[in-house]
Amino acid sequence: MKRNIKNTYIWLTLIVCMTVFLSSCKEDFLDVNTTDRISDDAITSDSSLFEDYVINRYMGVKLQDKEAEGTNPGFGRGFEYALWGSITDEAIYNSDDNTWAIHRGLLSPEATGIAGTIWSRSYRSIRECNYALQIIENVPMSASRKKMLIAELKFIRAFRYHDLIRNYGTVVLMGDKVYYLSDNLTDESLFKRSTITEGITYAVSQLEEAAADLPAGNTSAWPLGRATKGAALALKSRLLLYAASPLYGASSWETAAKAAKDVMDLGSYSLHNNYQSLFLTPSSNEIIFERLYAIGARHVCLEISNGANGYGGWAGNTPLQNLVDSYEVVEDENTAVPFDWNNSAHASAPYTDRDPRFYATIMYNGATYRDRKVETFTPGGKDSKDGKDNWNTSKTGYYLRKFIDEKLPIDNPWDVAGTQPWIYIRYAEILLNYAEAQNEAVGPDASVYSAINLIRNRAGMPDLPTGLSQTAMRTAIQRERQVELAFEEHRFYDVRRWKIAMDTENQPAYGITITKNADGTFAYTRKVALDGRKFEEKHYWLPIPLAEIQASNGKLQQSPNY
């Protein structure tokens with residue numbers, strides 16, 4: 001029977017996720033039969049209920065959002081408010097939403113902004129996975145099904161460790177242990193942070209074990225949204241790419257290249273034929289691991305939360321000029337060059353002949369959206385500040401287009417809107433992983449060109465020029481990741497692992513002022529959209545929230561220099 005992952009998220013997360021652990025505590029205060037929770041015995045005696053519990057562990061695999069802080073009344077959506085890109089040089093969140101302090105280098109253990117829930121949420125999810133692994137032998141189901149569920153739990157647990165590692169570097173490895181309130185938690189070894197190498201080695205080993213027993217693909221018995229062999233190997237590829245990068249130094253580029261090639265050699269994935277529609281197509285063969293959403297579930301939809309002011313939107317994640325400038329200008333079918341404000345032709349028509357991914361990602365002045373053109377110019381533009389004093393007018397002069405379904409209404413009806421998938425891992429990332437690792441390992445050989453050109457050609461871009469040096473190819477690959485993966489939660493981690501954040505994150509947060517001249521032409525002037533942007537060496541890793549340090553009685557070591 002096909003199991004509907006999306007519909008089981010809401011009720012089981014509330015009932016099972018919290019109360020099963022309360023009932024698991026080794027203390028019996030009253031001998032009563034509770035009616036507001038599901039007991040351990042019920043989960044272990046009902047295979048369907050246990051599998052629903054496992055499925056709901058995907059609730060921990062999500063983006064950093066307000067839901068985790070308890071201030072968002074919605075369920076199951078990880079990107080309705082501030083995207084992770086809005087604390088990078090991709091965007092700013094128009095009404096702050098606890099993001100501006102991170103831009104300004106004010107992150108601290110006492111003030112973690114939208115990054116504050118990662119540590120506790122991840123360890124809660126790890127404990128939940130450990131609990132399921134501890135009791136699964138008591139569940140009445142076939143050995144083959146148990147094997148797949150064990151692999152699924154190991155994948156989810158490894159995903160949580162991957163998120164901890166890329167945010168904090170060194171982590172606390174819990175193994176298979178499940179701790180209870182009655183346990184003695186004073187042992188300092190319980191709070192000892194591993195080395196980066198130890199953390200990555202453990203997570204990779206879990207992914208290898210998961211890949212061995214997970215299904216090769218999604219089927220009616222293992223529907224979209226559940227991890228597969230390809231998902232486990234793809235996450236391993238990402239981890240080993242990080243491990244080989246300058247910030248980590250915990251593995252080799254050769255190992256990272258092989259991990260990506262292992263996914264490519266599966267033959268299970270290919271690039272979607274249309275870049276813009278990919279993000280609206282949950283069944284695309286490019287998607288390796290994704291999250292689906294239920295129609296009618298309470299959430300704030302992308303269309304209204306990021307829509308242009310002139311359309312009634314809230315202008316949430318507004319792209320920066322820093323990102324806009326990274327899209328190349330196509331001179332002819334064989335040549336693309338970097339955009340340059342010192343080039344008069346570029347500066348006078350900055351939205352002409354750009355990389356097609358620009359048009360699929362960003363709403364700009366003159367872009368056609370719904371029933372008219374976007375107008376961010378002054379005076380008189382419908383999306384500009386002219387004659388208005390709206391909180392939802394873009395501070396950068398741009399709005400987000402990526403992920404937005406133009407056919408859905410903008411006014412947030414839960415029964416028809418906000419149903420786009422969130423793609424955690426896709427094949428283009430694997431190609432980029434391979435190209436980067438292979439270039440660092442052996443230089444820009446033919447396989448590096450092939451991987452990058454596949455991605456560029458899908459977008460309608462010409463091949464990279466031949467004869468690039470390793471350094472020039474490195475620059476090209478970094479630019480390619482920046483534009484191909486924009487707003488997909490990569491840029492924050494890429495600039496850190498490359499150790500270029502001291503440059504990129506100390507650049508001003510630029511927007512654009514567009515003035516309409518009397519003759520109908522436009523003049524373009526870069527402006528600072530958010531002042532005080534600052535990045536320090538310590539910001540390469542996040543601080544652990546002070547509450548977590550205090551809860552350990554000071555035994556948990558804080559991230560360096562906080």
Side-chain angles (χ1 to χ4, degrees), residues 89-91 271-279 286 319-369 373-374 376 396-404 406 426-429 431-432 435-436 439 444 446 448-469 471-488 490-491 494 510-512 514 521-524 526:
D89 59 353
E90 289 182 339
L271 296 178
H272 193 77
N273 61 3
N274 183 287
Y275 180 79
Q276 186 166 355
S277 69
L278 163 65
F279 305 99
E286 182 169 344
L320 289 172
Q321 191 66 45
N322 310 49
L323 173 63
V324 171
D325 289 349
S326 68
Y327 291 90
E328 292 178 307
V329 176
V330 181
E331 293 188 332
D332 56 49
E333 64 181 8
N334 298 313
T335 309
V337 298
F339 177 84
D340 184 359
W341 280 106
N342 294 318
N343 183 314
S344 58
H346 293 183
S348 62
Y351 310 136
T352 301
D353 296 329
R354 303 298 290 271
D355 182 328
R357 290 169 291 191
F358 165 73
Y359 305 109
T361 303
I362 295 169
M363 289 188 204
Y364 57 94
N365 184 63
T368 300
Y369 179 63
K373 292 185 180 298
V374 174
T376 59
T396 69
Y398 300 102
Y399 298 94
L400 182 67
R401 181 164 201 144
K402 197 172 189 176
F403 318 122
I404 305 299
E406 200 167 331
R426 58 188 178 94
Y427 189 56
E429 179 194 340
L431 293 174
L432 287 163
E436 179 180 343
N439 182 60
V448 173
Y449 274 95
S450 175
I452 293 297
N453 288 335
L454 276 173
I455 295 171
R456 289 174 64 85
N457 294 165
R458 184 267 298 274
M461 289 291 287
D463 289 349
L464 288 176
T466 59
L468 294 178
S469 66
T471 300
M473 179 60 80
R474 180 184 303 127
T475 300
I477 291 170
Q478 290 182 357
R479 181 195 297 270
E480 201 65 28
R481 286 186 71 95
Q482 184 179 14
V483 300
E484 173 69 22
L485 302 176
F487 295 103
E488 296 180 50
H490 289 278
R491 183 67 175 171
D494 280 348
Y510 285 116
I512 196 78
I514 305 172
T521 60
F522 296 102
Y524 305 90
R526 284 202 304 173

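Nothing here was measured: the structure is a model prediction, and the numbers come from that model. Values reported hereafter were calculated over all heavy atoms of this structure, with side chains retained and with hydrogens, waters and symmetry mates removed.
A distance of 6.0 Å separates CD1 of I404 from CE of M363, quoted to the nearest 0.5 Å. Expressed to the nearest 0.5 Å, how far CD of Q482 lies from CG of D325 amounts to 9.5 Å. Of the inter-residue distances, the one linking L278 atom CG with F403 atom CZ reads 9.5 Å to the nearest 0.5 angstrom. Interatomic distance, CG of L464 versus CZ of R479, reported as 10.5 Å (0.5 Å rounding).
For the pair A486 and Y327, the tightest heavy-atom approach, listed with the atom from each and the gap, is CB-OH, 3.9 Å. Minimum heavy-atom separation, K402 to L485: NZ-C, 3.9 Å. Nearest heavy atoms, T376 versus N365: N-OD1, 3.0 Å. For the pair N274 and S277, the tightest heavy-atom approach, listed with the atom from each and the gap, is OD1-N, 2.8 Å. Nearest approach of A347 to P350, heavy atoms of both residues: O-CD, 3.7 Å. Considering every non-hydrogen atom in both A428 and E484, the closest pair reads CB-OE2, 3.6 Å.
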Distance-only donor-acceptor pairs under 3.5 Å for side chains of residues 333-340, two or more places apart:
residue	atom	partner	partner atom	Å
T335	OG1	D332	OD1	3.2
D340	OD1	N342	N	2.9

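I477 has its side chain within reach of N439: a pair of non-hydrogen atoms, C-beta onward, lies under 4.5 Å apart. L271 is listed as a side-chain neighbour of L431, based on a closest heavy-atom distance under 4.5 Å. Between R401 and Q276 the shortest side-chain heavy-atom distance falls below 4.5 Å. Side chains of F487 and E90 form a contact here, defined as non-hydrogen atoms less than 4.5 Å apart. Between Y275 and P356 there is no side-chain heavy-atom pair separated by less than 4.5 Å.
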Report the C-alpha separation of D353 and E331 in whole Å, then their side-chain angles, then the decisive distance to 0.1 Å, and conclude whether the side chain to side chain contact (heavy atoms under 4.5 Å, CB included) test is met. CA-CA 7 Å; D353 296 329; E331 293 188 332; over 6 Å; no
As a quick check of understanding, evaluate side chain to side chain contact (heavy atoms under 4.5 Å, CB included) for M461 and N457, giving each step before the final call. CA-CA 5 Å; M461 289 291 287; N457 294 165; 5.7 Å; no
Please report the C-alpha distance between Y399 and I362 in whole Å, then the side-chain angles of each, then the deciding distance to 0.1 Å, and finally whether the side chain to side chain contact (heavy atoms under 4.5 Å, CB included) criterion is met. CA-CA 6 Å; Y399 298 94; I362 295 169; over 6 Å; no
Under the side chain to side chain contact (heavy atoms under 4.5 Å, CB included) rule, what do R481 and E436 come out as? Steps first, then yes or no, please. CA-CA 10 Å; R481 286 186 71 95; E436 179 180 343; 3.8 Å; yes
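For the pair E480 and R357, the salt-bridge criterion is met [side-chain N within less than 4.0 Å of a carboxylate O]. Residues E328 and R456 are paired through a salt bridge, judged by an N-O separation under 4.0 Å between the basic side chain and the carboxylate. With respect to R426 and E488, a salt bridge is recorded, a charged nitrogen being found less than 4.0 Å from a carboxylate O. With respect to R458 and E286, a salt bridge is recorded, a charged nitrogen being found less than 4.0 Å from a carboxylate O.
Side-chain polar atoms of Y398 and Q321 form a donor-acceptor pair below 3.5 angstrom.
Remark: R526 engages no residue in a side-chain hydrogen bond (donor to acceptor under 3.5 Å, both in side chains) (not counting sequence neighbours). For R491, the side-chain hydrogen bond (donor to acceptor under 3.5 Å, both in side chains) criterion is met by D89, not counting sequence neighbours.
Here F358 and Y364 bring their ring centres to under 6.0 angstrom of each other. In summary, the aromatic rings of Y524 and Y351 are positioned with their centroids under 6.0 Å apart.
With hydrogens and angles disregarded, a donor-acceptor distance shorter than 3.5 Å links the side chain of T396 to the backbone of P319. Checked by atom type and distance alone, the side chain of N453 pairs as donor or acceptor with a backbone atom of Y449 at under 3.5 Å.
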